[in-house]
Amino acid sequence: MAKNKDVAPEMELDGEAEVRVYELGFHLDPELPLEGVKKAYGAVRDITSSHGTIVAEGEPVMVQLAYTISRQENAGRRDFNSAYFSWVAYEATAAAHDEVLAAVRGDKNIVRFIDLVTTKDAARHAVEIREFTATKGTPEQEAEEAEAAAEAELDAALQSATL
């Protein structure tokens with residue numbers, strides 16, 4: 001079916017609502033227990049899957065934030081320097097997407113979120129990159145491993161030279 005580019009994405013085309021791919025990245029409260037993190041992530045995943053089709057996702061990982069995020073709560077202001085980061089990419093209509101965003105805005109376990117329009121390929125590529133970097137390790141870890149290997153090699157050379 002040819003799509004009319006002059007029609008807004010929210011409008012229906014020939015009786016069908018246009019489906020787009022959205023990516024929802026979010027930070028979860030770092031003080032949640034591990035089970036609470038799983039439950040909060042599951043709630044976001046459930047709401048997105050009930051309103052669309054999940055294309056790709058990244059499970060929660062604790063991260064240091066680049067800057068402090070402050071939020072006003074009943075007990076006063078609360079600052080966050082770390083959080084569990086996760087994301088879900090899903091296909092949905094504009095109306096279903098609005099319902100997902102309304103649910104996310106009401107979730108008190110979510111410190112902050114970002115909502116983007118993306119493509120299936122970009123979302124799947126993000127999964128591939130994350131898997132690649134997870135196996136590779138951080139530059140600090142790689143440097144420590146190289147140093148440990150060099151020390152072991154030096155120790156072996158010294159031991160063989162003294163024999």
Side-chain angles (χ1 to χ4, degrees), residues 1 3-13 15-142:
M1 168 173 89
K3 293 187 180 182
N4 183 351
K5 292 183 180 180
D6 297 328
V7 177
E10 297 81 18
M11 296 182 69
E12 291 193 8
L13 303 173
E16 293 181 23
E18 183 176 356
V19 175
R20 288 188 157 182
V21 179
Y22 300 95
E23 183 174 335
L24 179 67
F26 52 98
H27 287 115
L28 295 170
D29 188 335
E31 294 180 5
L32 287 172
L34 193 52
E35 282 303 312
V37 171
K38 289 178 183 179
K39 186 181 273 188
Y41 169 71
V44 173
R45 191 180 188 293
D46 289 347
I47 194 75
T48 55
S49 66
S50 69
H51 287 82
T53 304
I54 293 180
V55 174
E57 61 189 305
E59 294 198 8
V61 175
M62 179 63 84
V63 295
Q64 286 299 122
L65 300 176
Y67 56 89
T68 302
I69 297 174
S70 295
R71 179 171 74 183
Q72 188 63 36
E73 296 183 350
N74 292 338
R77 190 178 99 171
R78 187 160 167 222
D79 295 333
F80 299 91
N81 294 311
S82 62
Y84 289 97
F85 176 74
S86 188
W87 61 276
V88 178
Y90 62 100
E91 280 185 310
T93 63
H97 174 248
D98 289 343
E99 290 181 36
V100 169
L101 290 182
V104 169
R105 283 186 186 103
D107 190 335
K108 300 299 180 200
N109 292 317
I110 297 177
V111 175
R112 180 171 281 178
F113 71 92
I114 186 169
D115 174 61
L116 308 167
V117 175
T118 188
T119 65
K120 285 183 183 181
D121 291 336
R124 290 182 181 134
H125 182 67
V127 171
E128 293 168 358
I129 293 297
R130 184 172 180 183
E131 289 172 355
F132 176 75
T133 57
T135 59
K136 195 168 180 173
T138 65
E140 294 83 12
Q141 290 170 330
E142 288 180 9

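Please read these numbers as outputs of a predicted model, since none were measured by experiment.
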Q: Quick one: OH on Y84 to CD on E31, what's the gap to the nearest 0.5 Å?
A: 10.5 Å
Q: If you measure from NE2 on H27 to CD1 on I110, what distance do you get to the nearest 0.5 Å?
A: 11.5 Å
Q: Kindly give the heavy-atom pair with the smallest separation between A96 and H51, and that separation in Å.
A: CB-O, 3.2 Å
Q: Indicate yes or no for a side-chain donor-acceptor contact from S86 to the backbone of G58 under 3.5 Å, with no hydrogens or angles considered.
A: yes
Q: Test side chain to side chain contact (heavy atoms under 4.5 Å, CB included) on L28 and V111 and set out the steps.
A: CA-CA 6 Å; L28 295 170; V111 175; over 6 Å; no
Q: Supply the atom-to-atom distance R45 CZ to K38 NZ, rounded to the nearest 0.5 angstrom.
A: 14.5 Å
Q: Shortest non-hydrogen contact from A123 to A56?
A: O-CB, 3.7 Å
Q: Return the orientation label for the H97 and Y22 ring planes: parallel under 30°, perpendicular over 60°, tilted otherwise.
A: parallel
Q: Of K108, R78, R112, which is the lone residue that meets salt bridge (Lys or Arg N to Asp or Glu O under 4.0 Å) with D29?
A: R78
Q: A side-chain contact here means heavy atoms from C-beta on lying under 4.5 Å apart; do E57 and Y41 qualify?
A: yes
Q: When rounded to the nearest 0.5 angstrom, what is the spacing between CZ in F26 and CG in N109?
A: 10.5 Å
Q: Supply the atom-to-atom distance E23 CD to D115 CG, rounded to the nearest 0.5 angstrom.
A: 9.5 Å
Q: Grab the two heavy atoms, one from F80 and one from P30, that are nearest each other, plus how far apart they are.
A: CD2-CD, 3.5 Å
Q: Measure the NZ-CG distance between K39 and D46 for me, rounded to the nearest 0.5 Å.
A: 11.5 Å
Q: Salt bridge or not for E91 and K120, using N-O below 4.0 Å?
A: yes
Q: Please determine which of V44, I114, I47 meets the side chain to side chain contact (heavy atoms under 4.5 Å, CB included) test together with L24.
A: V44
Q: Is there a side-chain contact between F113 and R105 (heavy atoms, below 4.5 Å)?
A: yes
Q: Is there side-chain contact between F85 and L65, with at least one heavy-atom pair below 4.5 Å?
A: no
Q: Assess the residue pair T119 and V21 against the criterion (side chain to side chain contact (heavy atoms under 4.5 Å, CB included)); give the C-alpha distance rounded to whole Å, side-chain angles, the decisive distance to 0.1 Å, and a yes or no.
A: CA-CA 6 Å; T119 65; V21 179; 5.7 Å; no
